[in-house]
A.B. asks: 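The structure that follows is given in the form of structure tokens.
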Amino acid sequence: MTQLKQIRVQLEVLRYNPDTDTEAHFQHYDLTCPEEWVVLDALNKVKADIDPTLNFRWSCHMAVCGSCGMMINGEPKLSCHSFVRDYEGTVIRVEPLAHFPIERDLVTAPDDFMEKLKRVKPYIIRKDKKPISEGEYKQTPAQLMKFRQYSMCINCMLCYAACPEYGLTPDFIGPAALTMAHRYNQDSRDCGRAERQEVVATHEGVWECTFVGACSEVCPAHVDPASALQQMKITSSIDWIVEHLIPGGKSAGDTVSREKAGDIK
Amino acid sequence: MDTISTDVVIIGAGGAGLRAAIALAETDPTLRIALISKVYPMRSHTCAAEGGAAGVIKSDDSFDLHFDDTVGGGDWLSDQDCVEYFIHEAPKELLQLEHWGCPWNREADGSVAVRPFGGMKKKRTWFAADKSGFHILHTLFQTSLQFPSIIRYDEYYALDLLVDDGRCQGVTALEMRSGELRQFHAKSVIIAGGGAGRMFPFSTNGAIKTGDGMAMAYRAGAPLKDMEFVQYHPTGLPNTGSLLTEACRGEGGILVNKNGRRFLQDYGMGPETPVGKPQLKTMELGPRDRVSQSIWHEIQKGNAVSTPWGECVLLDMRHLGEKYIDERLPLVRELCASYLQVDIVKDPVPIRPVVHYMMGGISTNTKAATPIPGLFAAGECACVSLNGANRLGSNSLVELLVFGRRAALSAIEHMQGLPAANTAALNARAEQTQVRIRELFSRTGGTESMSGLRKEMMDTMEKNAGIYRTEEGLQEGVSKIHELRQRYGKVILTDKSNVFNTDLFQMLELGSMLDCAEAVIVGALARKESRGAHQRLDYVDRDDKKFLCHTMVHYQGLDVPRVDYLDVVITKSPPGVRDYSGDHK
Amino acid sequence: MSRNPLVRPVPPTSWFFRHPRYLRYMSREITCIFIGAYCVLLVVGLQRLAAGPVAWESFLLGLRSADSIVFHILALAAAVYHAATWFNATHKAMPVQIGEDFVPPNVISGAHYVVWVVLSVAVLFLAGVF
Amino acid sequence: MAKSHKPVVWFPFAAGGTVIAFFIPVIVLLTFMAALGHVPAGLSYEKMHAFAGSGLGKLIIFGVVALSLWSSAHRLRCTFYDFGVRADTLVATILYIAAIAASLLSAAYLLQI
Ligand SMILES: Cc1cc2nc3c(=O)[nH]c(=O)nc-3n(C[C@H](O)[C@H](O)[C@H](O)COP(=O)(O)OP(=O)(O)OC[C@H]3O[C@@H](n4cnc5c(N)ncnc54)[C@H](O)[C@@H]3O)c2cc1C
Ligand code: SF4
Ligand code: F3S
Ligand code: FES
């Protein structure tokens, strides 16, 4: 049986305990582990064997639950998907996700994101509901592909930690939540775009985005929120023109959704 | 201690908990619903499910076939009235999810697509690429956001059920952020706390699957049923234990030993089928228990491949081609590439069986009711006796939906005409939890380390309650787990602060796991036969005379639990032979 | 309540030093300064053109200073950088789906580059450069 | 929360960005050549006057100049914000007015040609 190469890992972890601290400070941990480990494994080893008071969230260890987002050397990352071999020979600096309040150590408060997610109405809105007994709404593979990428968001909030506009203007609805609005807008089963525009087309909505693109660069699920936001800027602009410049013009939201409401047969 | 008065409390916001919450909110918008979860709903482990969810939808399929597959797959330990209810509800629930926006894969004509799955006679597994559970969970979570009556208590750690007057009337829970204890008073309580695979060292389960829900009900007096049936999934990544979905084989992947032989044909699942043309219910599409057991035998025979993580066999998907793999199994490709640095398009992946799913759980009936009035359970934490001795892949995700909803309806039925709660009595019970927590904080002088104890538990479970079991090993395991439960009382908390104290939660989780582990191992010792996932080297045959019954394990405090049995409900399918020879025998 | 979350404010005037990608973003954004200034130059040029041949010739002559050369180099770099970032991003704003598949990003941006070159050569040709 | 009127400023910004990308580099190249002393034939007074004298030419020149100005002004507004100048309304007003003024000037000059 071949043995795995062991490497030395030096972690510098931001610590903060609201019960005792007024400021955060870095703590150093030194350990040896197999080179195939991820940063999360190293943190777990610290917690089990060195310092049980270190706190962080995790669950799936397969980059799908979105719990374990952290700043690793200044980059928003899933710690279960950051390999220690990529940092060999350097100190790995681990901090809680930027732009969110630190509850304790690496644990942040995601309340703001959760509230914003809810505001964009991320669910199917229909004018007419057909009963289950009539079967599925038909949707072709092409129609599915139109939004599938945007449905892959694991709500890890790395994009919020990366987006400077969110950092500077915390009212910004932000990449993932807006992308979720887009995901439903693009779904052939949905008729709710006009409703979502009430949030999407506001100052705090897409218009706060200056297309930095950092969101898409850090997204571990390849959702590409930047693209969703740009597309929504275009549709929102067209809406505006129709509403304001075309006499008797209805917002595009209405027209589009009415078209979409027709089930393809 | 703050009290939150509500109508229904749901513990757990995974697939089962969310489905129950939505059913409650839809059925009666005036109900106040408290949804408690120790993680944000979308972090629940349902998100990790890859393969898909089974429901009869295509014209070549029938309810009878789904029934037969489930009952046979479960080695006749399923309650057949339950299976009957389940198979009929399954397509409705899956369609409901479709109406809520779940991005199921589609056929060219726009209807939902289905894929083959292990132990199923027909293609009936609905899927959303290889992220089915993820999409189900997020669809449910997002849909739940439109109901104002669902009040979420995210990151609340539920501790003890409040039982008074013989009825379950609430639960205590710690707000993890503040460390403050709250009590929830309710007319009905639904537990949807998920599985307990974390009591094993090598598992596909996320860190949160520590059996809290099971242990909570168990301590409150509800028996745990059929706990000895622990499913090993045949194809886990050998290092992290991450799951490579059964869809790998459903889509045509093959299992070979170090000599390149498709060894499943040597274990009653042959004859060999052509590569890349999987046939339902045979070879690679045999049931999980059989496939995992065959791998175990191959390893014993010395036909395995040595890897740094132990003996493995190979899963070969190269013949599927890059395009097909990217379309149907993108996550699998990604997982193998990043965690094992193997590209499945170019190389076979080493895999080994990994603990995956608990067939057992809180004993419930077809109405999702436990023996304690007012207490309902659904999802992996419950044992409604759908899965019997071995769950078929893709039945579980549907079970969450079907019985999550059922639990909600039963909870509403239960609420009618209830006498008023005795608040003082409930407060007194809640106070006991407070005392228990205070004691944990004030303990001194202990010498036990929590991570040490946890490791001993995991090693014991692997060594003595793994794929194959013996009297001797189980005896040893029973005494070891019993000893660990005593020692658990001496573990001291290192971290004494209030805010998000994960040291505390891990300690509580360890307590839950030890309780569940004892139920598993005691049940396994008592069941002197081999059936489904419970295989004994000293009792190799199924024994329908003595053991066509459910194991019921009852909590006895720090003593070894009491075991008794409950008959299996057989309506139309008497125990028969499990045939996975592809109709060749 | 023992909660006391720590908020680490974002430094409003120096945040872009935190990560190279922010510097990349800022350099894309400040291309507008040069392009804006260049547009002003164009307006001045129009004024000179309107003022007659002498004015126009002196305008052209006026361009021939070291400062102007440096400015042109900067403006050219800014304009080219802007063009590249713009073309590379169009597939995000306007993806093209054919059947199930999306046209790959590099095809979309590639098409833009081709059009760009063609247009530029055409303008150069019309301007009598060749 | 009211819907934003941002499209009024954003649409011309996006259009201008495209115009800048396609045309400004080559125009800069032309004046750069002039700056280096190799005035392209097309930049002679006659040629330029003829071009700017035609209706189409006027339209093209005005389109390029106005949209590019607008786009730059809008982007500069965001950049001010990114640099920490938080008086966004003031900045926006000044920049947009400047862009409009310059565009009007160029229109006026064009009409004189
Ligand atoms: C990797 C993997 C792949 C799978 N693939 C498939 C598949 O393809 N098809 C299929 O049918 N099945 C599959 N399964 C099985 C299926 O996914 C699970 O059985 C199912 O998701 C369990 O759902 P649940 O709602 O019961 O629990 P979970 O989703 O695990 O949720 C449990 C909930 O309970 C909460 N909770 C637990 N303890 C507490 C506490 N003390 N206090 C408060 N809240 C608590 C948690 O926060 C969580 O919200 C798979 C399982 C795994 C692990
Ligand atoms: S868009 Fe990407 S980065 Fe943002 S929350 Fe979703 S998965 Fe995470
Ligand atoms: S990083 Fe932020 S500014 Fe827009 S493109 Fe992404 S949301
Ligand atoms: S632990 Fe689930 S995403 Fe990292």
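In what follows, chains are A, B, ... by sequence order, proteins preceding strands, each numbered from 1.
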A.B. asks: Decide if atom NZ of D:K58 counts as having more than 12 heavy atoms of other residues, nucleotides or ligands within a radius under 6.0 Å.
C.D. replies: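 Enclosed: over 12 neighbouring heavy atoms sit under 6.0 Å from NZ of D:K58.
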A.B. asks: Within the 4.5 Å heavy-atom criterion, are D:K3 and A:V200 side-chain neighbours or not?
C.D. replies: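 They are not in side-chain contact.
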A.B. asks: Locate the shortest heavy-atom distance separating A:W240 from D:S4; write the atom from each residue and the value.
C.D. replies: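 Heavy atoms only, the tightest pair is CD1-O, 3.9 Å.
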A.B. asks: Is A:L245 in contact with chain D via its backbone, its side chain, both, or neither, using a 4.5 Å heavy-atom distance?
C.D. replies: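 Answer is neither: A:L245 stays 4.5 Å or more from chain D.
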A.B. asks: Is there a side-chain contact between D:P7 and A:W207 in this structure, where contact means two heavy atoms from C-beta onward sitting under 4.5 Å apart?
C.D. replies: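 The answer is yes, as the side chains (C-beta and beyond) meet within the 4.5 Å cut-off.
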A.B. asks: Might you work through the side-chain contact (heavy atoms from CB on, under 4.5 Å) test for A:T210 and D:Y81, ending with a clear yes or no?
C.D. replies: CA-CA 11 Å; A:T210 53; D:Y81 190 83; over 6 Å; no
A.B. asks: Which bit of D:R75 is near chain A, if near means a heavy-atom gap under 4.5 Å: side chain, backbone, both or neither?
C.D. replies: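 Neither; nothing under 4.5 Å.
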A.B. asks: Chain D heavy atoms under 4.5 Å from A:S236: which part of the residue, side chain, backbone, both or neither?
C.D. replies: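 Backbone only.
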